[in-house]
Amino acid sequence: MSRAEAMPQGDEPTLPGSGAMRPGAGGEGARKTSPLWTFGLLRSELITTFRRWRTLALLAVLAAVPILVGIAVKIETGDGSSMGGGGPEGGGGPAFISQITNNGLFLVFTALAATLPFFLPMAIGVIAGDAIAGEANAGTLRYLLVAPAGRTRLLLTKYATTMTFCLVATLVVAISALTVGALLFPLGDLTTISGTRISFAEGLGRALLIALVVAASLIGVAALGLFVSTLTSSGIAAMATTVGLLITIQILDQIPQLHAIQPYFFSHYWLSFADLMREPVYWDDLVKNLGIQSLYAAVFGSAAWARFMAKDITA
């Protein structure tokens, strides 16, 4: 669906600087928007986002990471060598890499641990950073605001689209890893970090839960990127700034002298999803992670709304 199809028939674009384009005149008070129209706008945004070559390229890169990891482990262990201890603690932390040869399902956990610190957030930063700034740069933002969506609904639609991409990107990594793991390594019952055995079906359920937790761990980055996107009319600048902030935060999170403030960084508890592979599950860090993400989403989401409502749309 094109941008033009998302606009009701009979609405004509308003000239820059007209009353419809001023803050507060985005359509919330003057027009009523039906739920069906809102759904149509969301569907249009999703189709537009996932049809872009940039989005497809990002998903392809994410899908390639588990393939490369799986092939590397297969080659490394093909001559009978070992990548580490066979016990549950021999995996070197949350990557579980030494367990992949015993059970291909561990490739899902390893791939998510490998992509979460950089690849997944970078992809989210690109999509979120381009959400508003890209429309402004292309000259389509004012046309979207002429339609009876209003600024608030449009911003929520952009955020919902970004969050959908978070989920899709995470599932792409997980499905790619599961497929490669099934092709290259055996599947079956698996050993948790705590040393207990669980069935393959339960392990598969935990893998799905881990993927959902990883997707939820990116809502803070999505809100930050959306806020940055409202500050500029250059999509490239917004994407670069978001990715730059992401890298900076991760660097600061590794400096020991900043340990007092590191628990407040959105990336600090990202790898807590490994606690879902314990028996019983450790919930403390998982709850802290989701709480921090919700806080970032609330703060930067509110900042994005305030900025977007006051933004002078002239293109």
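All of these numbers come straight from a predicted model, not from anything done at the bench.
- Side-chain contact between L190 and E202: absent, with no pair of heavy atoms (C-beta onward) separated by less than 4.5 Å.
- The pair R52-D130 meets the salt-bridge criterion, since a charged nitrogen lies less than 4.0 angstrom from a carboxylate oxygen.
- The main-chain N or O of F265 is never found under 3.5 Å from a side-chain atom of H268 such that the two would form a donor-acceptor pair.
- Here the side chain of Q99 pairs no donor or acceptor atom with the backbone of G104 at under 3.5 angstrom.
- By the 4.5 Å heavy-atom criterion applied to side chains, L252 and Q262 are not counted as neighbours.
- Minimum heavy-atom separation, L42 to T157: CA-CG2, 3.7 Å.
- In plain terms, the two heavy atoms of Y282 and D275 that are nearest each other are O-CB, 3.3 Å.
- A side-chain donor-acceptor contact under 3.5 Å links S229 to the backbone of I132.
- Each of L116 and L212 belongs to its own hydrophobic cluster when Ile, Leu, Val, Met, Phe, Trp and Tyr are linked at side-chain heavy-atom distances under 4.5 angstrom.
- L271 and F118 fall within a single hydrophobic cluster, where Ile, Leu, Val, Met, Phe, Trp and Tyr side chains are chained together by heavy-atom contacts under 4.5 Å.
- Counting all heavy atoms, side chain and backbone alike, P186 lies closest to N102 at CG-O, 3.6 Å.
- Side-chain contact between L218 and T162 is absent, with no heavy atoms from C-beta onward closer than 4.5 Å.
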Stepwise side chain to side chain contact (heavy atoms under 4.5 Å, CB included) check, V221 with Y296: CA-CA 8 Å; V221 174; Y296 271 83; over 6 Å; no
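- A donor-acceptor pair shorter than 3.5 Å can be found between the side chains of N289 and S217.
- Placement of I249 and I255 within a single hydrophobic cluster is found when ILVMFWY residues are connected by side-chain heavy-atom separations under 4.5 Å, directly or transitively.
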Take I127 and M239 through the test side chain to side chain contact (heavy atoms under 4.5 Å, CB included) and record every step on the way to the result. CA-CA 8 Å; I127 299 299; M239 290 185 285; over 6 Å; no
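- Within the 3.5 Å criterion, the main-chain N or O of A298 finds a donor-acceptor partner in the side chain of S302.
- Side-chain contact between I47 and R43: present, with at least one pair of heavy atoms (C-beta onward) separated by less than 4.5 Å.
- With hydrogens and angles disregarded, a donor-acceptor distance shorter than 3.5 Å links the side chain of Y159 to the backbone of I219.
- Under 3.5 Å, the side chains of T191 and R197 contain a donor-acceptor pair of N or O atoms.
- Taking 4.5 Å as the limit, some side-chain heavy atom of V173 sits within range of a side-chain heavy atom of P66.
- A side-chain donor-acceptor contact under 3.5 Å links T110 to the backbone of F106.
- Panel note: side chain T192, backbone T196; a donor-acceptor pair is recorded below 3.5 Å.
- Side chains of D189 and I198 form no contact here, defined as non-hydrogen atoms less than 4.5 Å apart.
- In plain terms, the two heavy atoms of I100 and L107 that are nearest each other are CD1-CD1, 3.8 Å.
- L56 and L58 fall into different hydrophobic clusters, defined by Ile, Leu, Val, Met, Phe, Trp and Tyr side-chain heavy atoms under 4.5 Å apart, directly or through other members.
- Inter-residue side-chain proximity for F266 and D253 is flagged as unmet; no heavy-atom pair is nearer than 4.5 Å.
- Nearest heavy-atom pair, L167 versus A215, reported as atom, atom and distance to 0.1 Å: CA-CB, 4.0 Å.
- In this structure, S272 contributes its side chain and Y269 its backbone to a donor-acceptor pair below 3.5 Å.
- Judged by distance alone, with hydrogens and angles left aside, the side-chain atoms of R206 form a donor-acceptor pair with the main-chain N or O of L276 at under 3.5 Å.
- A donor-acceptor pair is defined here as one N or O able to donate and one able to accept, closer than 3.5 Å; no such pair exists between the side chain of S194 and the backbone of R278.
- With a 4.5 Å cut-off on side-chain heavy atoms, L154 and F308 count as touching.
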